[in-house]
Amino acid sequence: MAVDKDDVARRVKEVTARVLNVDADKIQPTDTFSGDLGAESIQSIELVAAFEEEFNIEMDEDEALSVTNVGKAIEFIHDNVVKQHG
Amino acid sequence: MKLVVFEDIQAAANFFPISLSRPVFELRCGMFNLAEKITKRLSAEPSAYLVRDYLVATFKRRAGSAAVNDLAAVKNDTVLMVNGQVKAASLKVAADGPSEIGMKGDQVVYCRLAGNDTAKIDAAKVGIETLPLVDGHNVAVKQVEAEFFNYSWDIMLESPHEIAHDFKMVGKSGIEGTVEQPNAIRGSKDDVYIAPGAKIHPMVVIDASAGPVYLSEDVEVHPFTRIEGPAFVGRKSLLLGAKLREGCSIGPVCRVGGEVEESIMHAYSNKYHDGFLGHAYVGEWVNLGALTTNSDLKNDYSTVEVMLNGQKIDTGSNKVGSIIGDHTKTSIATLFNTGSIIGAMGLLMGTGEPLPKAIPSFAWFINGVVTKGFGRKALYKTAETATSRRKMPWTQDDLDLWEKIFEITKEERDVAVAKGRKQMVRR
C-alpha cells in the first residue's frame with residue numbers, strides 16, 4: 001500500500017498543533033519544535049507518543065527525539081510508516 | 001563439605017523488581033542478606049554460587065573468591081547446595097552425610113551430594129531442576145521442615161525480627177564511635193552498638209526499649225534524629241533528622257531523612273528529605289525526591305494486593321508499602337499507593353495523586369502516564385553519573401546487565417506505554 005506523503009505531512013502538522021497548542025496552518029516545515037513552536041522537553045515526549053498513536057507506529061525514542069524540525073519529522077515518520085505498514 | 005548457595009531460577013521473578021539485577025539470595029533481611037544468613041547458620045563460606053546466567057558478570061564482583069556458575073572447584077568433596085530462599089533459621093541439615101535431596105513440598109531446600117554423586121553435578125541445572133538431574137541417579141528425596149521467603153514483601157515483613165536475631169548473633173554492644181552530648185539512649189545500653197568511626201551529633205534519641213539498634217562504621221547521625229529499635233544502619237550511611245521508626249534495615253552509604261518505618265533499603269539509595277516510607281523495600285541507587293510518600297495500610301485494614309508480573313497477588317498482610325527497583329528516581333511529592341510495585345531504572349514524576357500500583361522498569365512516568373520518555377540511554381547516563389559520584393565505575397558489564405533487564409521487562413512496559421499513549425491522546 002502506497003503511503004501518501006502529503007497526508008503524512010498534514011497529519012503531522014495537525015498532531016503538532018494539538019499537542020503544542022499552535023495554529024496548524026501556520027506551521028512551516030522549517031519550524032523547529034523547541035525554538036519556533038515552543039515545545040518544552042515533556043511536550044517533545046508527548047509529541048512522540050502522539051505521532052506513534054496517530055500513525056500506529058513504534059519509533060526509536062533516541063532517533064525520534066533527535067528530529068528537530070517539522071519537515072524532518074514528516075520524513076522520519078513517513079519512513080517509519082512505510083517500513084511498518086508500507 | 002563445600003557449600004553452594006543457589007537461586008531457584010523459576011522463583012526469581014517473584015522477587016522482581018529487586019531481584020532483576022541481583023540473585024535472590026542477595027536480598028537484605030535484618031543485618032545481612034539471605035546468603036550471608038545461610039552462611040552463618042552453617043558456619044561455612046560458600047565455595048560457589050549458582051545464579052541466572054545474565055547476572056554472572058556483575059555478581060562475580062561481589063562473590064569474593066567463590067566461583068559463580070562454575071562447579072568444577074567443588075567436585076571431589078561432599079557438596080551441600082542450599083536454596084538461597086530458605087529462611088536460615090529454619091534450615092536443618094547436616095554438613096556431611098549420604099547424598100540426599102531435602103524438599104519442602106515441591107521446593108528444593110537443599111541437595112547434598114557425596115562420594116561419586118558429586119561428579120553428577122551439572123551447573124546448568126539448578127533449583128527445582130536439580131531434582132530430576134539427581135533423581136535419575138538414585139539420590140534419595142526426603143521431605144523436610146523448612147520455611148521459605150517467597151516474595152520480597154515476605155523478607156521485608158520478617159526483617160525487624162531478623163535485626164533483633166542478627167544483633168544477638170553478632171554479639172556486639174557498647175559505644176565505640178563518637179556520641180556528642182546531649183543525647184538520649186532509652187532502654188538497655190546492651191541493646192545499642194555504635195561502631196568505630198560513627199558520629200552521633202547532639203540531640204539524637206536512640207530508643208532501644210523495643211529492640212536493638214546497630215549503627216555501623218562511619219555512620220553519621222544528625223541532630224533531631226530518633227532511631228527506634230530494632231534498627232540497623234549500614235556503614236557510611238547518613239541520617240538527617242530522620243524519624244527512623246522500628247524495624248528499619250538501611251544498607252551502606254544511604255542518606256535518610258523524613259519518616260521511615262519497617263523498611264529495607266539497599267546500598268547507595270537516598271531518601272534525603274521529608275516524606276513517609278513504610279513497609280517498603282527499596283533497591284540500590286534509588287533516589288526518592290522530597291516528600292515522596294507511600295501508603296502502607298489500606299483504609300479498610302484489609303490485606304494488601306499487589307500487581308506483580310501482570311498477576312494480582314494477595315500478600316496476606318495488611319501492611320505492605322512499595323517495592324522499588326534499583327536506579328529508580330522519583331520527583332518531589334511523588335505518592336505511592338499501598339502495595340505498589342515500581343520497576344527498576346524508572347524516572348517518575350509525581351502527579352499529586354497516588355501513582356498506578358504497577359509501573360514497569362525503564363518507565364518514564366510523566367504527566368500521569370507511562371511513556372518511553374527520553375529512552376533508556378538517558379537513564380543509563382543518569383545511572384553512570386550517580387555511580388561515578390560514589391566512585392563506582394559504570395562498566396560494560398553493568399550496561400549488558402541492564403540491556404538484558406530491558407529485554408526481560410519489555411512486554412510489561414510495551415503494554416503500559418501503549419496504554420499511556422492512548423490516555424495522552426484522549427486528553
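For clarity, every value in this text was computed on a predicted model and none was experimentally measured. Throughout, a chain's letter reflects where its sequence line sits, starting with A, and its residues are numbered from 1.
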More than 12 heavy atoms from other groups under 6.0 Å of NZ on B:Lys410: no
For the CZ atom on B:Phe406, are there more than 12 heavy atoms of other groups (residues, nucleotides or ligands in this structure) within a distance under 6.0 Å? yes
I'd like to verify something: which residue of A:Glu53, A:Arg18, A:Glu54 has the highest number of heavy-atom pairs under 4.5 Å with chain B? A:Glu53
With a 4.5 angstrom heavy-atom cut-off, is it the side chain or the backbone of A:Ser41 that approaches chain B, or both, or neither? both
side-chain contact (heavy atoms from CB on, under 4.5 Å), paired with B:Phe374, selected from A:Val48, A:Ile45, A:Asp62: A:Ile45
Work out which heavy atom in B:Arg421 is nearest to a heavy atom in A:Ile57; give both atom names and the distance. NH1-O, 4.4 Å
Taking every heavy atom of B:Asn367 against every heavy atom of A:Glu46, the minimum-distance pair comes out as ND2-OE2, 2.8 Å
Could you give the distance from CD (A:Glu61) to NZ (B:Lys377), rounded to the nearest 0.5 Å? 8.5 Å
What's the spacing between B:Lys372 NZ and A:Glu58 CD if we round to 0.5 Å? 4.0 Å
Counting heavy atoms not belonging to B:Lys60, are there more than 12 under 6.0 Å from its NZ? no
More than 12 heavy atoms of other residues, nucleotides or ligands under 6.0 Å from CG of B:Leu399: yes or no? yes
Can you tell which part of B:Asp414 gets under 4.5 Å to a heavy atom of chain A, answering side chain, backbone, both or neither? neither
Just wondering, more than 12 heavy atoms not from A:Glu14 lying within 6.0 Å of its CD? yes
Give a yes or no on this: more than 12 heavy atoms of other residues, nucleotides or ligands lie within 6.0 Å of atom CG of A:Asp23. yes
